[in-house]
Each structure stands twice: as structure tokens, then as C-alpha cells.
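Data first, discussion second: the structure below is written as C-alpha cells.
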Amino acid sequence: RTDHKSICMVLSIEKRTRTDKNTMATLNMWMPADAKMGKKEIRSVIKYLHLKGMTTKEIHKDMVDTLGEDAPSYATVKYWVAAFKRGKDSVEDDPRSGRPRLYYR
């Protein structure tokens, strides 16, 4: 399920070109300070920006400029860009073998 904040962010990113700094200011206005993106949303943005032809460094800088301390690490961006270059289509985690973790609350 995608919420309104995520939709606004993706729509703003789709309008952005590499040289359009005003759109980034618009994007920052749409995202409240407490807005958090999930893993799949972050991976989707990485995939989208990669498909637009941005480099790993450009994608990471863009996300840091937009998300601040909530941005993924450079290593995470690098991992996912490499995965998409290898042909991975999904933003889902690959299945893992073994017993699932138990969570106690």
C-alpha cells in the first residue's frame, strides 16, 4: 500500500530533471519532517533514477539532499544500482533459506 506522502514524492521526482533544482525544493516541501520511506519505496526510487540514467553518486546525492539523515547509505545505493544493472527487476528481498527469525515483544 502506498500512502499519499509517497505518491507526492514519486510524482515530484518524475517531474525532476538533472538540472532542475526548483523541483527538489518542491519535493522537500511535500515531505513532512517525520516522513519515513520504507525499503521498497527507497529501492523503487533508486531503480527509477537509475533507469533515467543517473549514476550511483548522483542518485545518492539526490536522496541525501531530499531525505537527509533518512537517506540510504552510499553502499545501499551502490548495491541496488548494481543489482538493477545485472537485470534484477524486483525491489523485493531475495528469498532466504533456513528458519525464519522469531520475534519476541
Side-chain angles (χ1 to χ4, degrees):
R1 183 173 165 264
T2 303
D3 60 13
H4 177 70
K5 292 180 234 179
S6 300
I7 292 170
C8 291
M9 189 189 76
V10 171
L11 291 176
S12 294
I13 288 172
E14 289 177 1
K15 293 178 187 176
R16 183 179 183 274
T17 64
R18 287 187 193 185
T19 58
D20 185 5
K21 301 294 181 188
N22 293 331
T23 304
M24 286 311 294
T26 302
L27 177 56
N28 287 330
M29 286 179 4
W30 277 99
M31 287 190 63
D34 64 344
K36 302 274 186 191
M37 291 180 62
K39 289 193 306 188
K40 293 177 191 175
E41 292 169 318
I42 287 174
R43 294 170 186 175
S44 296
V45 171
I46 294 169
K47 182 177 181 180
Y48 173 79
L49 295 175
H50 166 67
L51 291 173
K52 289 202 52 130
M54 292 176 72
T55 66
T56 303
K57 287 182 182 180
E58 291 171 330
I59 294 169
H60 183 255
K61 182 181 180 329
D62 185 296
M63 295 187 85
V64 168
D65 291 345
T66 304
L67 300 173
E69 65 183 39
D70 293 328
S73 68
Y74 181 79
T76 298
V77 175
K78 184 177 177 179
Y79 171 85
W80 283 98
V81 168
F84 297 134
K85 282 182 180 179
R86 287 191 308 269
K88 183 171 178 72
D89 289 327
S90 174
V91 295
E92 302 282 337
D93 287 322
D94 290 332
R96 297 178 182 201
S97 63
R99 183 178 177 181
R101 290 183 182 184
L102 297 176
Y103 292 96
Y104 298 99
R105 292 184 187 202

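- Under a 4.0 Å N-O distance rule, the pair K57/D62 does not qualify as a salt bridge.
- The minimum heavy-atom distance linking L67 with A71 is given by the pair CB-N, 3.7 Å.
- Side-chain contact between V81 and M54 is absent, with no heavy-atom pair separated by less than 4.5 Å.
- Between R43 and D93 the shortest side-chain heavy-atom distance falls below 4.5 Å.
- L49 contributes atom CG, which lies 11.0 Å from atom OG1 of T56 (distance to the nearest 0.5 angstrom).
- Residues W80 and I42 have side chains not in contact (no heavy-atom distance under 4.5 Å, counting atoms from C-beta outward).
- Distance check: K52 NZ to I59 CD1 gives 11.5 Å after rounding to the nearest 0.5 Å.
- Counting heavy atoms from C-beta on, the side chains of F84 and V91 come closer than 4.5 Å.
- At least one side-chain heavy atom of H50 sits less than 4.5 Å from a side-chain heavy atom of K85.
- A donor-acceptor contact shorter than 3.5 Å is absent between the side chain of H60 and the backbone of A75.
- Rounded to the nearest 0.5 Å, atoms CG (D94) and CZ (R96) are 9.0 Å apart.
- You'll find the side chain of V45 reaches within 4.5 Å of the side chain of M37, heavy atoms only.
- Of all non-hydrogen atoms in S90 and E92, the two that sit nearest each other are OG-N, 2.9 Å.
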